[in-house]
Every structure is written in structure tokens, then in C-alpha cells.
Amino acid sequence: INKLDTYLYYVFIRRKIMAEFNPLTADANLKSLADTGKNPLEQYFRQPKVYITLPSKGKYYADGALDIPETGEFPVYAMTAKDELTMKTPDALLNGAATVSVIKSCIPNIVDPWELPSIDLDAILIGIRIATYGEMLDIDTKVPVTGEDKTFQVDLRKMLNRLVTVDYEDEISVGDFTITLKPLSYRKFTETSLKTFEEQRIFNTVNDDELPDSDKLARFAESFQKLTDITVSMMSNGISKITIGDTEVTNPDHISEFIDNVDKNVYQDILDHLDSQRKKFAIEPLQVTSTEEDVKKGAPKTFEVPITF
């Protein structure tokens, strides 16, 4: 292609473009372009309000369940109106679906909230609470004995900081065994909670005066056995590997069989360790000191108030 060919091609294209341009329809064309492109309101969508780190530091997630930012800090968006309505649906809250939906909406980097380790749950919910309503949480309660209504404030930032600065100890030596642990996923945690709730509900029917004593005893024994099985199953699900010498066991069925048949002392050592880790990541109740006036009215000098979201 020589210079003359290039020039003629340029003239042809320029004339074609100019011929197709009609100033009378320009506005309509631009509007059509906007309608098929990005939403012009996108700039007014939610923006991250806070950034949090996770207590797990991103460990224990299934592949593809978590998109970790380079900084390790996860952006948290405020809840939408739809999210708030979702969190008010009792059935969805009970089976975990509401919590999963809201987490996906407010922390998109958690791709599959069902797979998040249980030690991350409270920190995540606190982060969403801060992003939506602010850093302070009002807690309404009644003073013991006097029954007087009181409102206390809790700084959620302090609660969040405590959760993200403790470590989950995922290995324990018991005799000749080295037990490698993992927190329950939110899916397993929810399934276990639902089973426990159902069995406790059945367990409570034992107090039904209309039931014959023989039926009460049978239901009591059945429910007690199921609750025991749930407790043992939780421990099995919380173990990822058992090592003894050069042998490593990761098969869940083998681990479950081991827990069912191991010496009571080994079982208790593992249970105590799991319980100590659970307490490290639990929301501590608010410690309240009563005023002198309330003490004179009969209130205790100090009392605890549970913190719920």
C-alpha cells in the first residue's frame, strides 16, 4: 500500500463517517448507547464502609469459597433494604439462608458463605453491623431483682478487635496422637444446630403429663441418644487429620470410627481443647456495675448482659 492508496482510504472513511453522522438524531443515539451500556446510576450504589480482617486469616475455606484481597482486608458494605427484610424472616434465620444471603450481599469477597469457618461468623456479623448502623450498639435490658429498664452501649470496634487478634490453635498432642483440627463450616454448624434444636424440642415433650410413663421413658432415651450422637459427630467433623508415627489419617469415615471407639480420656482431651477454642471466639457478655442507687434497691453490685445482634 503506497501513500496515494492510504490517502484515498482515509478520504473514503472520513466521508462515510461524516455522511452517517446526523446531528438531529445524535441525542437519541447517545441515549440508546446509555440504555445498553453501564447503569448511569451505578456511581450512587453502595460503597464499602469498613474493612475487616478475618479471625481465620483466610484458612479453612474450601477452594473457590473466598477471594482474598491483596491487603488481606475485606471490604464490607452496608445492608440494603432487601437485606434487612431478609434478616427478619424467622425460617430463613433458623436454617441459615438469611445469614448467607446477607453475607454475600455485604462482603462479596466471601464467595460461598456456607463454607466460612464458624470462628469467622461473629466478626463478619459485627463488621456488617458497623457498616450498616455505626460503631455503637445499644443493648436494652432489665436490672436483676429491681426489674428496672436500662440501656447500655457497647463499642463494636473493641469486640471486633478482640476477635481478630486471637489465634485458633488447630493442633493438639494427645498421647501418641497428633490431632489436626478445623473449625466447623457454617453449613455444618447450621445443620448441627438444627438437629440439636429439633431433638431438644422432642426431649421437652417428655414433660407432657398426658403421655404414659413408658412412652416418656422411651422418648427420653431416644432423644438423649440422638443428642449424644450429634455431640460426637461435631467432634469428628472438627478433625481434619490424625497422625500417629508415620501414619496420617484424613478419611472422614476412619476418623469418625476412631472417635466412636477411642479411650474416654483421649476423647475428653480433644473435647476440652475444642471447647477452649470455642470460648476464645465467643462474644463475651457485657459486664455491668450497678449504681449505688440500684444496689440500695436490691440490684446486685455486678451482673452480665448477653450481647446479641
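These figures come from a predicted structure and were not determined experimentally. Just so you know, these numbers use all the heavy atoms, side chains as well, and skip hydrogens, waters and symmetry mates.
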To the closest 0.5 Å, what do you measure between CD1 (I259) and OG1 (T231)?
12.5 Å

Interatomic distance, I139 atom CD1 to Q153 atom CD [nearest 0.5 angstrom]:
9.5 Å

Is there a side-chain contact between P55 and Y168, using heavy atoms and a 4.5 Å cut-off?
no

Between N261 (side chain only) and E257 (backbone N and O only), is there a donor and an acceptor less than 3.5 Å apart?
yes

Can you confirm whether T180 sits close enough to I242 that some side-chain heavy atom of one is under 4.5 Å from a side-chain heavy atom of the other?
no

Rounded to the nearest 0.5 Å, the CE atom of M234 sits from the CD atom of E191 at a distance of 12.0 Å

Please check if atom NZ in K82 has more than 12 non-hydrogen atoms from other residues, nucleotides or ligands closer than 6.0 Å.
no

Donor-acceptor side-chain pairing of T151 and D138 below 3.5 angstrom:
no

Would you mind writing out the side-chain donor-acceptor pairs for residues 293-309 within the sub-3.5 Å range, not counting sequence neighbours?
unit_1	atom_1	unit_2	atom_2	d
D294	OD2	K150	NZ	3.3
D294	OD2	T291	OG1	3.2
E304	OE2	Q287	NE2	3.0

Closest heavy-atom pair, T86 versus A98, reported as atoms and distance to 0.1 Å, is O-CB, 3.5 Å

With side chains defined as the heavy atoms from C-beta onward, is the minimum distance between M79 and V102 less than 4.5 Å?
yes

How many angstroms lie between CD in E135 and CZ in R129, if you round to the nearest 0.5 Å?
11.5 Å

Is atom CG of D275 surrounded by more than 12 heavy atoms (other residues, nucleotides or ligands) closer than 6.0 Å?
yes

Walk me through it: do E73 and I52 pass the test side-chain contact (heavy atoms from CB on, under 4.5 Å)?
CA-CA 5 Å; E73 295 185 334; I52 66 170; over 6 Å; no

L156 vs Y133 side-chain heavy atoms within contact, under 4.5 Å:
no

Closest non-hydrogen contact found for V100 with P113 is O-CG, 3.6 Å

Check whether any side-chain N or O of H273 sits under 3.5 Å from a backbone N or O of E169 as a donor-acceptor pair, and report yes or no.
yes

Return the minimal non-hydrogen interatomic distance between G238 and L184, and the atom names on each side.
N-CD2, 4.1 Å

Should S185 and Y60 be marked as a side-chain contact (heavy atoms from CB on, under 4.5 Å) after you check the CA-CA gap, both sets of side-chain angles, and the distance that decides it?
CA-CA 8 Å; S185 68; Y60 315 113; over 6 Å; no

Give me the atom names and distance for the closest heavy-atom approach of V76 to G127.
CG1-O, 3.6 Å

T178 side chain reached by I244 side chain, heavy atoms, under 4.5 Å
no

Test log, rule side-chain contact (heavy atoms from CB on, under 4.5 Å), inputs V154 and M136:
CA-CA 6 Å; V154 175; M136 304 304 294; over 6 Å; no

Kindly check if the number of other-residue, nucleotide or ligand heavy atoms within 6.0 Å of CZ (F45) is above 12?
yes

Give me the one residue out of V262, N265, V266 that meets side chain to side chain contact (heavy atoms under 4.5 Å, CB included) with V174.
V266

Could you check if a side-chain atom of Y186 sits within less than 4.5 angstrom of a side-chain atom of S118, using non-hydrogen atoms only?
no

Check: S256 side chain, S236 main-chain N or O, donor-acceptor pair, under 3.5 Å
no

Exam field: side chain D120 to backbone S56, donor-acceptor pair closer than 3.5 Å:
yes

Do the side chains of L163 and Y61 join up, straight or via other hydrophobic residues, at under 4.5 Å, putting them in one cluster?
yes

Applying a strict under-4.5 Å side-chain criterion to I, L, V, M, F, W and Y, I'd like to know whether I119 and L271 cluster together.
yes

Student check: side-chain heavy atoms of V232 and Y267 closer than 4.5 Å:
yes

Closest non-hydrogen contact found for K57 with V166 is NZ-O, 4.1 Å

Grouping I, L, V, M, F, W and Y whenever their side-chain heavy atoms are under 4.5 Å apart, do I172 and L274 come out in a common cluster?
yes

Please report the interatomic distance CD1(I283) to CG(L286), rounded to the nearest 0.5 Å.
12.0 Å

Between F258 and F177, ring centroids under 6.0 Å
yes

Give the cluster check for Y51 versus I68: same hydrophobic cluster or not, with ILVMFWY residues linked at side-chain heavy-atom distances below 4.5 Å.
no

Applying the side chain to side chain contact (heavy atoms under 4.5 Å, CB included) test to M159, which of I126, V164, L137 qualifies?
I126

Test item: D83 side-chain N/O and T80 main-chain N/O as donor-acceptor pair under 3.5 Å
yes

Sidechain N-carboxylate O distance under 4.0 Å for R187, E115:
yes

When you measure from the side chain of S233 to the backbone N and O of D229, does any donor-acceptor pair fall under 3.5 Å?
no

Determine whether a donor-acceptor pair (N or O, by modelled atom type, separation under 3.5 Å) exists between the side chain of T165 and the backbone of N161.
yes

Determine whether L121 and I103 make a side-chain contact, defined as any pair of heavy atoms from C-beta on separated by less than 4.5 Å.
yes

Output yes when K280 and D167 qualify as a salt bridge under the 4.0 Å nitrogen-oxygen rule, no when they do not.
no

Counting distance only, does the side-chain N/O of S101 pair as donor-acceptor with the main-chain N or O of A97 below 3.5 Å?
no

State whether the side chain of R46 and the backbone N or O of A78 hold a donor-acceptor pair below 3.5 Å, judged by distance alone.
yes

Tell me whether L54 shares a hydrophobic cluster with L181, the cluster being built from Ile, Leu, Val, Met, Phe, Trp, Tyr side chains joined at under 4.5 Å.
no

Can you check side-chain contact (heavy atoms from CB on, under 4.5 Å) on I107 and I124, steps first, answer last?
CA-CA 8 Å; I107 311 182; I124 287 168; 3.7 Å; yes

Say you draw a straight line from CG of L41 to CG of N39; how long is it, rounded to the nearest 0.5 Å?
4.5 Å

